[in-house]
Visitor: 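Let me begin by handing over the structure; questions about it come next.
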Number of protein chains: 2
Amino acid sequence: MATSRRELNKAATRQGITDAALTLLRSKGPGNFTVEDIADTAGISRRTFFNYFSSTDAALASVTHGFLDNAIQQFKLRPANEPILQSAQEALMALADPMTVAPLAELFTLTQQSTLMSHSELEAWDHCREQITAVARGRAAAGPGAVDELYLRALAGSVISCGKAAMEVWFTRRGADLSPASLAELRQLLIDAMALLGSGFTAGSTPAPSPSASRSS
Amino acid sequence: MATSRRELNKAATRQGITDAALTLLRSKGPGNFTVEDIADTAGISRRTFFNYFSSTDAALASVTHGFLDNAIQQFKLRPANEPILQSAQEALMALADPMTVAPLAELFTLTQQSTLMSHSELEAWDHCREQITAVARGRAAAGPGAVDELYLRALAGSVISCGKAAMEVWFTRRGADLSPASLAELRQLLIDAMALLGSGFTAGSTPAPSPSASRSS
DNA sequence: GTGCAAAGTTGCACGTAGTGTAAATGCGTG
DNA sequence: CACGCATTTACACTACGTGCAACTTTGCAC
């Protein structure tokens, strides 16, 4: 296993860097601190920072990356005969607990003012999309006939988009509220989003696919 | 109006910059040239470049931006009672001609080796997504009941994802081939992608693309 | 423990990105 | 022509990201 001194030190340094980056994000706001600030706060040299991350964004995006890696792990555990949409839903359900969601929620609220996600964060989501594509390809290959690339890519992309949409709506509505009621709403939003996708968005302007859907504005 | 000497000069300079950027992209490959190179090629100063674009990526992404602006324009012309998915499909159909697609296809093939899209390019797609969301919101508001934010965001995001997926598959299959047969395949891919989305990806591993999936105009 | 090799850290130098500022140049109008 | 305004340009400055060559720490054999 990875319990040598070297591994531990590296992990600690890595964690120290993201902690420092988050601290500075909290105190100074996005874009108002430099790599040197992070390095100083973490007690390392500027050069060492770049040995771990390629940018400030990358350091912060490790939060998102961790969450999505977790999600992919859950996703891969789902039975191969389960529909992709349901696998995605179940994987996300497993992560809708306070401890897992908290870092992501804080990162989101702190970076809300900057319109678009950072490059590194988008990279993390895209990596997740590729993983989903790979799993879907594997499941399709097990069945009959040839694998349809369009189907795989469109499906994986849409799943990611809907997952993002659900989280965005939740963050927008609830901010960093991690109460049981709020998390229940997140779960419902994720379920609704996958249901919308599974039903082809057939509902009109007032869909409410699951009766107990959303709403609490 | 926009025909003063100043306006013309500005437009010419802007075009000159993107042309220079594309020339260098062709000759040196992505990432192997600097802002100064572009400025020199375009015959302007480095500082002037930054008066027009915030980065090399942004200069190149103006190609994508132009295409998507065009798409949005078509999209907004669709009747308000038409389903969003069909509006999207029709808008894209209108752009599947050689002259419009060529620049995008070349940009794509030239930047294919770098895995993820540039930040500016993603920004362009995201801007398009927001426009779709806005149109969908407008249409939903015209109907009965309250507007469901989740529905809007999930739908717009999925439409973009499926459009991207169709184009990626086409680019991957046909490279920069702009023959009528190739463009017909692009149209079919776009139709199929929207059909997949509209049917909730219910098809199994072999959705059998060709004739059955199409239906439009 | 001692010695050694591999892994990790650090300082330094270099080229590039992006921005503020003020001077210079070009354009439109009286 | 001369004036007001928009645009371009040179210059300076901060910050990013990387290659490189010490230097320090860790793991391991003896």
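To find a chain, count down the sequence lines: A is the first, B the second, and so on, and within it residues start at 1.
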Visitor: Along nucleotides 13-22 of chain D, 5' to 3', which nucleotides get a B, which get an S, and which get a -, given that the test is a protein heavy-atom distance under 4.0 Å?
Guide: --SBBBBB--
Visitor: Within the distance-only criterion (no hydrogens, no angle test), does the side chain of Arg153(A) pair as donor or acceptor with the backbone N or O of Thr133(A) below 3.5 angstrom?
Guide: no
Visitor: Is there a side-chain contact between Thr48(A) and the phosphate of dT9(C), meaning an N or O under 4.0 Å from OP1 or OP2?
Guide: no
Visitor: Is it the case that Ser158(B) and Ser161(B) place a side-chain donor and acceptor less than 3.5 Å from each other?
Guide: no
Visitor: Parallel, tilted or perpendicular, judged at 30° and 60°: which one describes the rings of Phe171(B) and Phe108(B)?
Guide: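 Phe171(B) vs Phe108(B) ring planes: parallel.
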Visitor: Begin from the C-alpha positions of Glu168(A) and Lys164(A) and carry the test salt bridge (Lys or Arg N to Asp or Glu O under 4.0 Å) through to its verdict.
Guide: CA-CA 6 Å; Glu168(A) 279 170 14; Lys164(A) 271 190 193 172; over 6 Å; no
Visitor: Check this one for me: any side-chain N or O of Lys10(B) less than 4.0 Å away from OP1 or OP2 of dA6(D)?
Guide: no
Visitor: Measure the distance from CG on Leu8(B) to P on dA6(D) and round it to the nearest whole Å.
Guide: 17 Å
Visitor: Can you tell me if the side-chain N/O atoms of Thr13(B) get under 4.0 Å from OP1 or OP2 in dT8(D)?
Guide: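 Yes, such a contact exists.
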Visitor: Do Pro79(B) and Glu82(B) come close enough that some side-chain heavy atom pair is under 4.5 Å?
Guide: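 Yes, at least one pair of side-chain atoms sits under 4.5 Å.
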Visitor: In whole angstrom, what separates Asp40(A)'s CG from dG11(C)'s C1'?
Guide: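 The answer, rounded to whole Å, is 14 Å.
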Visitor: Determine whether a donor-acceptor pair (N or O, by modelled atom type, separation under 3.5 Å) exists between the side chain of Asn70(B) and the backbone of Phe67(B).
Guide: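 Judged by distance alone, no pair lies under 3.5 Å.
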Visitor: For a quick test of reading the model: is some side-chain N or O of Tyr52(B) closer than 4.0 Å to OP1 or OP2 of dT8(D)?
Guide: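 Yes, such a contact exists.
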Visitor: Could you tell me whether Arg26(A) and Glu106(A) have a side-chain N and a carboxylate O separated by less than 4.0 Å?
Guide: yes
Visitor: Under a 3.5 Å cutoff, is there a donor and acceptor pairing between the side chains of Asp177(A) and Ser179(A)?
Guide: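 There is such a pair (donor and acceptor under 3.5 Å, judged by atom type) between the side chains of Asp177(A) and Ser179(A).
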Visitor: Output one letter per nucleotide in nucleotides 25-30 of chain C: B when a protein non-hydrogen atom lies under 4.0 Å from the base, S when only the sugar-phosphate is that close, - when neither is.
Guide: -BBS--
